[in-house]
Number of protein chains: 2
Amino acid sequence: MQRSGRPTIKDVAKAAGVSPTTVSHALNGKGVVATETVARIEQVASDIGYRPSAIARGLQNSRLNLLALVIRPFHSLDTFLPEGVDYFLRLAGAASMTAMEHGYSLMIVDDPTRPGVPLSALAADAYIVTEPFEHDPVLTMLQQERIPFVTVGADPARRGQFITLDEGIEHQAGLMFRHLEAVGARRIALVTGTDRNDWNLSAHHLMEEWSDARGHAPLVLALPEAAGETVGDEVLDHFFSGDPAQHPDAIFCLTGRHAAGVTTAAIKRGIRVPEDLLVAGGSGAMQNRTSSPTVTTLDLHPEAVARTAVEAAVLLAEGRSVTLPASSVLATLNIRESTTRE
Amino acid sequence: MQRSGRPTIKDVAKAAGVSPTTVSHALNGKGVVATETVARIEQVASDIGYRPSAIARGLQNSRLNLLALVIRPFHSLDTFLPEGVDYFLRLAGAASMTAMEHGYSLMIVDDPTRPGVPLSALAADAYIVTEPFEHDPVLTMLQQERIPFVTVGADPARRGQFITLDEGIEHQAGLMFRHLEAVGARRIALVTGTDRNDWNLSAHHLMEEWSDARGHAPLVLALPEAAGETVGDEVLDHFFSGDPAQHPDAIFCLTGRHAAGVTTAAIKRGIRVPEDLLVAGGSGAMQNRTSSPTVTTLDLHPEAVARTAVEAAVLLAEGRSVTLPASSVLATLNIRESTTRE
DNA sequence: CTGAAAGCGCTTACAG
DNA sequence: CTGAAAGCGCTTACAG
């Protein structure tokens with residue numbers, strides 16, 4: 001009923017005095033159609049405002065030219081898009097643009113395994129799932145349904161089983177560890193989030209190796225991502241109680257907002273940053289650029305990640321195979337005041 | 001070919017020993033089907049992993065349960081999602097969640113009037129267009145194609161012609177003008193963006209009325225949104241040259257990043273904020289919360305705007321009529337250091 | 001070079 | 001209560 005006024009291919013055929021088949025051929029450049037017939041059909045089509053139905057066309061090959069982006073961490077963040085958490089938003093925006101460039105639209109989909117999700121949420125040609133959890137049910141479902149997908153960050157429990165854009169957390173965190181050591185850190189503490197994703201788990205793992213190699217116990221604390229800046233005191237209480245010989249001289253928080261909170265709390269306690277304590281953040285939050293002192297973070301280049309992931313998803317959607325290089329997008333350091341001593 | 005393995009309604013019918021019609025009836029609760037037949041069909045369907053095709057279903061009523069969000073200002077911002085510009089991102093995220101709650105997915109679509117856009121970008125059941133430009137071609141096209149849409153902010157040249165969520169810019173800007181006056185401003189200058197949308201144009205208009213009423217010439221400057229913080233010096237040069245009697249004692253920048261730039265530039269020149277000059281921002285950017293001094297901004301409540309807009313779009317998608325109240329979402333003030341004197 | 005026919009996976013009158 | 005038939009708007013062999 002709805003929009004029933006829209007002209008169909010039949011209307012074009014009638015107006016041009018040809019068959020629907022010929023219209024289809026002409027408009028899609030398939031088959032062989034007389035040049036002037038093509039011209040006439042195109043004229044008529046544009047005159048009556050014909051536009052092919054994406055749905056009808058999609059029914060043929062069950063493809064809609066639609067990609068879906070599933071941002072898993074949204075489920076642990078109390079608000080869908082917490083203020084100042086740039087990473088996922090830059091990712092979503094860039095993904096949407098890249099998709100368009102390739103002739104695809106992009107939907108942002110909440111957890112598609114929830115009962116009662118709209119059918120459309122499962123109608124995408126391919127999915128991009130960022131930071132899946134351990135044994136992520138979304139991946140399991142996608143696999144079962146034979147819907148192609150790319151993962152950004154591995155499912156920690158099923159490493160190597162899916163097509164994954166692995167940002168190389170070892171590289172990323174290692175970059176920061178080395179930087180901290182270079183500016184004088186002897187004992188680095190790590191604050192991760194509590195989501196069981198590759199980012200948190202692998203960084204934790206790397207910290208253990210790092211500490212082992214240096215002959216001391218790893219200093220690690222996991223705190224909810226959603227707590228944001230409020231974790232400052234808890235972090236300091238945790239690391240600065242007990243044996244002073246075990247106190248860290250650098251704290252690396254994977255979550256930018258945690259780093260912001262730690263910096264503020266430290267200063268309030270008279271711990272100078274960076275003189276007494278180095279502080280750094282993982283995925284940078286906006287706060288880290290404007291706080292006083294500004295806080296060193298990693299730049300994970302979400303735009304580049306998005307581009308790579310979307311391009312892989314497009315290939316999958318078109319039934320082609322994809323192999324992603326080990327680390328396609330290398331993180332870089334944004335060195336700021338919180339780790340600059342001189 | 002693709003995904004050809006997916007079971008169809010025929011497979012269910014065959015396996016359950018009934019006709020496709022009956023399967024359809026049973027699964028959709030239409031018609032009259034024996035209770036036990038329904039049970040059997042449901043069992044079989046879940047056994048073989050049947051899931052109805054959104055596309056095939058969409059072909060019936062040309063509805064996909066898909067909404068599209070068009071964020072117009074993206075075209076004037078140099079990067080798709082400039083850092084710290086929270087407003088549109090919060091809007092997009094909230095819209096996506098609200099859509100899901102109503103059984104819809106949401107795609108983020110770039111300009112759908114560009115040649116060569118994916119067909120899918122035009123396959124949405126209804127559109128939400130935020131901050132349309134004057135004579136916006138997107139609205140013209142949507143109207144021509146008879147695709148239902150809601151506008152967030154009016155098309156300044158076609159006010160009242162479309163279904164619009166009018167946030168009441170008069171109210172919003174007025175709120176800030178009154179606040180500035182209450183804390184001592186005698187002469188308020190306004191910095192708008194250069195996009196010809198309702199937000200910029202109406203605020204300008206309001207400023208003229210406001211100045212008229214007070215018997216002096218309006219101080220207004222329009223600068224590109226995309227310039228961000230870099231506009232600081234230009235703004236100060238502009239307003240603080242010439243007759244000192246005409247210098248403003250408050251500057252209200254509609255764009256939060258402009259306000260951030262003005263604050264920094266003022267302090268660098270030895271103009272104290274807020275003592276000598278009050279500064280405020282329109283749509284708050286993250287920077288304004290963490291800068292020193294922190295900057296007073298409006299909170300436009302994008303989440304609430306998104307909710308209202310999506311709910312209206314859903315009604316339109318379902319062929320129902322909608323009337324939006326004049327101002328559904330009222331802005332509030334976030335008063336911070338830049339306008340706090342005592 | 002052009003078109004009749006079948007089919008994509010569903011739904012919806014309608015007949016039994 | 002159940003199912004055969006037509007149709008949604010297109011595309012794609014295939015025949016002429």
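Because only heavy atoms are used, hydrogens play no part in the values below, and waters and symmetry mates are left out as well, while side chains stay in.
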Nearest of [options] to any side-chain atom of [X]?
{"X": "Tyr50(B)", "options": "dT11(D), dG3(D), dC10(C)", "answer": "dC10(C)"}
{"X": "Ala56(A)", "options": "dG3(C), dG7(D), dC10(D)", "answer": "dC10(D)"}
{"X": "Leu59(A)", "options": "dC8(D), dC8(C), dA4(C)", "answer": "dC8(C)"}
{"X": "Arg57(A)", "options": "dT11(C), dC1(D), dT11(D)", "answer": "dT11(D)"}
{"X": "Ala34(A)", "options": "dC8(C), dG9(C), dT2(C)", "answer": "dT2(C)"}

Nucleotide-level pairing of DNA chain D, given in dot-bracket where Watson-Crick and G-U pairs need both distances under 3.5 Å and | marks other strands
|||.||||||||.|||
Mark yes or no for whether Ser105(A), through its side chain, and Ala121(B), through its backbone, hold a donor-acceptor pair below 3.5 Å.
yes
NZ/NE/NH1/NH2 to OD/OE distance under 4.0 Å, Arg72(B) and Asp195(B)
no
Are Glu101(B) and Arg307(B) within salt-bridge range, i.e. N to O under 4.0 Å?
yes
Side-chain N or O of [X] closer than 4.0 Å to phosphate OP1/OP2 of [N]:
{"X": "Lys30(B)", "N": "dT12(C)", "value": "yes"}
{"X": "Ser53(B)", "N": "dC10(C)", "value": "no"}
{"X": "Thr37(B)", "N": "dT2(D)", "value": "yes"}

Scan [X] against the nucleic acid and name what it touches under 4.0 Å (heavy atoms): base, sugar-phosphate only, or nothing.
{"X": "Thr21(B)", "result": "base"}
{"X": "Thr8(A)", "result": "sugar-phosphate"}
{"X": "Ser24(A)", "result": "base"}

If you find the nucleotide of DNA chain D closest to Pro20(B) and the one closest to His25(A), which residue's nucleotide is nearer the 5' end?
Pro20(B)
Chi angles and distances behind the salt bridge (charged side-chain N to carboxylate O under 4.0 Å, His left out) call for Asp136(A), Arg158(A)
CA-CA 9 Å; Asp136(A) 201 313; Arg158(A) 293 180 284 183; over 6 Å; no
Does anything in residues 13-28 of chain A pair up under salt bridge (charged side-chain N to carboxylate O under 4.0 Å, His left out), and if so which pairs, sequence neighbours excluded?
none
Do Phe149(B) and Ile128(B) have side chains that get closer than 4.5 Å, going by heavy atoms?
no
Arg196(B) CZ: over 12 foreign heavy atoms closer than 6.0 Å:
no
